[in-house]
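Just so we're on the same page: letters track the sequence lines, and every chain starts at 1.
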Number of protein chains: 4
Amino acid sequence: MAKKTGEKYQNIIEAAVKVIAQHGYHQAQVSKIAREASVADGTIYLYFDNKADVLVSLFKEKMGAFVQATRERIELLERADDRLRELIYMHLWQMSQNRDWAIVTQIELRQSDPVVRAGINQALKEYLKLIDEVIFLGKEQGVFRENVEHRVARKMIFGTLDEAVTSWVMNDRKYNLVSLVEPIHNLFINGLKVEKQ
Amino acid sequence: MAKKTGEKYQNIIEAAVKVIAQHGYHQAQVSKIAREASVADGTIYLYFDNKADVLVSLFKEKMGAFVQATRERIELLERADDRLRELIYMHLWQMSQNRDWAIVTQIELRQSDPVVRAGINQALKEYLKLIDEVIFLGKEQGVFRENVEHRVARKMIFGTLDEAVTSWVMNDRKYNLVSLVEPIHNLFINGLKVEKQ
Amino acid sequence: MAKKTGEKYQNIIEAAVKVIAQHGYHQAQVSKIAREASVADGTIYLYFDNKADVLVSLFKEKMGAFVQATRERIELLERADDRLRELIYMHLWQMSQNRDWAIVTQIELRQSDPVVRAGINQALKEYLKLIDEVIFLGKEQGVFRENVEHRVARKMIFGTLDEAVTSWVMNDRKYNLVSLVEPIHNLFINGLKVEKQ
Amino acid sequence: MAKKTGEKYQNIIEAAVKVIAQHGYHQAQVSKIAREASVADGTIYLYFDNKADVLVSLFKEKMGAFVQATRERIELLERADDRLRELIYMHLWQMSQNRDWAIVTQIELRQSDPVVRAGINQALKEYLKLIDEVIFLGKEQGVFRENVEHRVARKMIFGTLDEAVTSWVMNDRKYNLVSLVEPIHNLFINGLKVEKQ
DNA sequence: AATGAATGAGCTTTCATTCAT
DNA sequence: GATGAATGAAAGCTCATTCAT
């Protein structure tokens with residue numbers, strides 16, 4: 001039913017991001033998004049099945065671009081540990097570049113109902129797959145330990161980055177998020193323990 | 001105004017957890033909670049200021065007990081790395097023990113409105129403080145590296161555990177969450193890298 | 001926000017008068033008014049900000065027409081005492097013509113909350129101004145005494161008419177309200193005292 | 001059922017006046033009145049049938065005293081026109097003496113539901129009867145015109161005084177209400193018209 | 001394709017009254 | 001007589017979605 005292309009399709013998605021970032025998820029009514037996109041309320045339903053579809057599409061579009069950009073950048077690098085650093089960098093850098101998107105992603109969209117959550121999780125899988133690939137590569141290259149459970153490592157990497165961005169957004173972005181790239185990478189690679197001397 | 005003690009107070013909190021876990025946040029009406037607690041709708045307002053207050057109180061009560069139990073257990077141990085293992089264990093074990101609570105905490109309560117979120121974040125701080133204490137102790141004992149940024153380490157520990165539990169809940173708890181204690185602890189301590197030989 | 005024009009706007013106002021007159025102020029729920037107006041509950045909120053706005057608008061619309069009709073009629077007359085008689089006549093005649101409106105105005109709307117009261121008082125001022133004009137004209141024409149305090153005279157005129165209509169409504173309109181025009185006018189003009197002979 | 005005597009009965013009535021004057025009719029909950037009277041909520045129902053009964057009783061008690069005091073004073077005077085002046089004076093003076101009572105009587109109690117209104121009107125009749133008596137006496141004494149309709153005169157007297165007090169209360173009692181006694185009396189007696197010379 | 005007026009289901013909270021103690 | 005904890009009915013308002021134009 002919904003025609004998921006065209007200029008208006010993009011306009012509506014951008015409008016949704018803007019409205020949600022500005023007014024919060026619970027104040028992001030369809031009519032407000034329509035006004036921001038300069039279309040009629042009904043027009044939204046020509047491009048999307050329902051409101052949840054707007055949110056899920058929004059997340060997929062943005063997340064797709066995010067993953068692709070990250071993938072392109074890390075594949076320029078050889079070593080898995082360098083790729084991991086680049087992934088951490090891209091994650092934090094992209095979020096710090098787009099204030100609205102960070103708010104929407106880390107705070108507002110988490111309040112959405114189960115249907116939207118399901119769509120979001122679906123879109124997230126692509127990113128988790130990319131993380132897995134880095135881990136597997138690291139093991140192959142003998143850079144990461146063989147006995148590291150890749151599912152556990154993936155949770156650590158995603159969980160830490162996610163928590164870092166959320167915490168940064170919640171603290172009104174008072175510090176430079178990208179400055180965390182090295183400390184985080186270092187911690188992932190070397191762990192907490194003191195090196196034997 | 002609200003009398004935040006007594007048997008009914010506890011009943012209502014338990015009923016809220018049950019209803020939210022069973023029907024989801026958006027289907028957890030006051031009347032449903034009241035029925036589950038075997039009180040009249042109005043009775044809830046003798047013990048809580050409003051619905052948000054029920055949810056925040058619920059989180060504070062449970063989280064307070066959670067943090068206290070964890071603190072008591074880890075303080076029986078000497079070394080910071082052992083304490084960290086115990087904290088990981090307590091986090092995962094307590095969540096795996098209480099199916100409803102895990103769902104409420106990881107999924108449903110995240111959908112709540114800003115007022116509830118603020119109350120929840122407040123309650124979470126106590127837990128983050130406990131994590132910080134373990135990190136500081138580790139540095140003092142020379143068990144953890146001095147040059148580890150404690151804020152980054154805290155984000156890693158909390159972010160990883162949180163992601164692990166969410167992931168486990170979302171996958172319908174198909175595996176034993178406690179089995180992740182060792183892998184996670186190992187990863188936190190030793191990192192991803194291969195040991196020099 | 002509210003679009004205060006159109007056929008539906010008028011329909012809702014008429015429906016509100018009817019429902020309030022029939023069921024009383026405290027039984028005039030929005031849903032009842034909507035049903036009477038043959039619109040959905042939500043439609044009311046396209047034309048009015050809230051329930052109080054319906055009531056205030058209703059009063060303003062009706063009172064505005066009332067004052068205008070009265071003004072047009074009295075301005076056809078020269079002498080202030082004739083104008084006063086016409087004002088008394090119009091007041092009593094218009095009320096006796098519209099059973100529902102009289103009930104709403106004299107009984108039901110007086111039960112309304114402070115917000116509505118404030119709006120009503122605002123609308124009443126226009127009528128009081130008209131009364132004042134008649135008094136001033138009378139003084140200019142040498143028909144009314146110069147030493148009559150116009151504020152006191154205004155209270156007498158409005159207070160008496162208001163009491164007359166209220167009393168008539170409360171007594172289930174058993175007599176002809178318009179028959180009071182002459183006695184009231186006579187009393188206003190000549191007072192209680194016996195003429196010196 | 002209700003025992004309409006005793007110290008607590010009086011306390012509750014005084015408390016009701018105070019609470020209504022202070023917080024307004026719509027904020028005068030039974031529990032608030034009970035607290036002000038230093039009794040339990042349930043105790044009110046030992047002395048009154050229901051909330052409406054409290055309000056009606058309150059009005060009757062106060063109005064009874066008001067009428068009696070007025071009657072005693074005017075009966076000291078011979079002439080009906082003097083009695084009328086005294087009645088005007090007593091009405092305005094008593095209201096201006098008791099701020100709370102004036103607010104309750106003129107503003108707040110008018111918002112009450114039909115049951116209370118009916119009780120109030122009942123209590124008012126005694127006062128209207130007193131006004132009638134003055135008018136009849138005036139006619140007998142040849143002080144007031146025979147051809148004055150007493151019902152109309154009564155409406156004028158009560159309507160004007162009522163409007164005067166309401167207006168004074170609404171204007172935050174910025175002027176001295178008693179200063180209106182002479183102007184009002186003069187207007188009632190002599191009317192608006194210029195004396196023939 | 002686009003519009004936007006109309007729909008109507010759904011829910012938190014208040015408060016007069018009761019009754020077991 | 002006095003208490004006050006408990007009751008539960010009742011209603012204004014929002015907003016995603018539709019559909020006639």
Side-chain angles (χ1 to χ4, degrees), chain A residues 1 3 6-8 26-35 37-55 113, chain B residues 1 3 6-9 26-35 37-54 113, chain C residues 1 3 6-9 26-35 37-54 113, chain D residues 1 3 6-8 26-35 37-55 113:
Chain A
M1 212 83 203
K3 181 201 151 203
E7 195 192 354
K8 287 208 168 110
H26 290 285
Q27 281 304 307
Q29 296 88 348
V30 170
S31 61
K32 209 178 266 171
I33 294 171
R35 204 178 319 127
S38 301
V39 299
D41 294 16
T43 303
I44 288 186
Y45 291 85
L46 298 174
Y47 292 91
F48 299 89
D49 293 334
N50 46 47
K51 187 180 178 183
D53 187 30
V54 176
L55 302 179
D113 63 83
Chain B
M1 218 84 201
K3 183 197 149 207
E7 194 193 354
K8 288 217 166 81
Y9 176 78
H26 291 285
Q27 281 304 307
Q29 295 90 345
V30 170
S31 60
K32 211 177 266 171
I33 295 171
R35 203 176 320 124
S38 301
V39 298
D41 293 16
T43 303
I44 289 186
Y45 292 86
L46 296 175
Y47 293 91
F48 300 89
D49 292 333
N50 46 49
K51 187 180 176 181
D53 187 32
V54 176
D113 63 83
Chain C
M1 220 80 202
K3 184 196 150 208
E7 194 193 354
K8 289 217 166 81
Y9 176 78
H26 290 286
Q27 280 305 306
Q29 297 89 344
V30 170
S31 62
K32 212 178 265 171
I33 295 171
R35 204 178 318 125
S38 301
V39 298
D41 293 18
T43 303
I44 289 188
Y45 293 86
L46 296 176
Y47 292 91
F48 300 89
D49 292 333
N50 46 49
K51 187 181 177 182
D53 188 31
V54 176
D113 63 83
Chain D
M1 213 82 201
K3 181 202 152 203
E7 195 192 354
K8 286 206 169 114
H26 289 285
Q27 282 304 307
Q29 296 88 346
V30 170
S31 62
K32 209 180 265 172
I33 295 171
R35 205 178 319 126
S38 301
V39 299
D41 294 15
T43 303
I44 287 186
Y45 291 85
L46 298 174
Y47 292 91
F48 300 89
D49 292 334
N50 47 47
K51 187 181 178 180
D53 187 30
V54 176
L55 302 179
D113 62 85

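The residue Tyr47(A) sits close only to the backbone: its heavy atoms come under 4.0 Å of sugar-phosphate atoms, none of a base. Residue contacts for Lys8(D): at a heavy-atom cut-off of 4.0 Å it reaches the sugar-phosphate backbone alone, with no base atom in range. Among the atoms of the strands shown, only primed sugar atoms or phosphate atoms (P, OP1, OP2) are found under 4.0 Å from some heavy atom of Val30(C).
Place Ser38(D) and Gln29(A) on DNA chain F by their nearest nucleotides, and Ser38(D) ends up nearer the 5' end. Summary of the strand contacts: Ala40(C) and Gly42(B) both lie near DNA chain E, and taking for each the nucleotide with the nearest heavy atom, the more 5' one is attributed to Ala40(C).
Closest contact between the side chain of Gln27(B) and the listed nucleotides dC11(E), dT7(F), dG12(F) involves dC11(E). Distances from the side chain of Thr43(B) to the nucleotides dT3(F), dT7(F), dA16(E) place dT7(F) closest. Comparing dA6(F), dC13(F), dT3(E) by their closest approach to the side chain of Asn50(C) singles out dC13(F).
Applying the 4.0 Å criterion to OP1 and OP2 of dC15(E), one finds that Ser31(D) has every side-chain N and O outside that range.
Judged purely by atom type and a 3.5 angstrom limit, Lys51(B) has no side-chain atom pairing as donor or acceptor with the backbone of Val30(B).
Taking all atoms of both residues into account, the shortest heavy-atom contact from Gln27(C) to Gln29(C) is O-OE1, 2.6 Å. The shortest heavy-atom contact between Ala34(B) and Asp41(B) is CB-OD1, 3.5 Å. Here the closest heavy-atom approach between residue Asp53(A) and residue Asn50(A) is recorded as N-OD1, 2.9 Å.
Atom CG in Asp53(C) sits about 14 Å away from atom C1' in dG12(F), given to the nearest Å. Atom CZ in Phe48(B) sits roughly 15 Å away from atom P in dT12(E) (whole-Å rounding). Between the C1' atom of dA6(F) and the CD atom of Glu7(B) lies a distance of 14 Å, rounded to the nearest Å. One can place CG of Asp41(A) at 13 Å from C1' of dC19(F), the figure rounded to the nearest angstrom. Between the NE2 atom of His26(A) and the P atom of dA16(F) there is a distance of 12 Å, rounded to whole Å. In this structure, Ile33(C) atom CD1 and dC13(F) atom P are separated by 11 Å, rounded to whole Å. Summarising the geometry, the separation between CG on Asp49(C) and P on dT14(F) is reported as 10 Å, rounded to the nearest angstrom. In this structure, Lys51(B) places its NZ atom 8 Å from P of dC11(E), rounding to the nearest Å.
Ring pair Phe48(B)/Tyr9(B) is parallel by interplanar angle, where below 30° counts as parallel and above 60° as perpendicular.
In a base pair of the Watson-Crick type (N1 to N3 plus N6-O4 or O6-N4) or a G-U wobble (N1-O2 and O6-N3), with each distance short of 3.5 Å, dC15(E) is matched with dG8(F). Shown here, dA20(F) forms a base pair with dT3(E); the pair counts as Watson-Crick or G-U wobble because both key distances fall under 3.5 Å.
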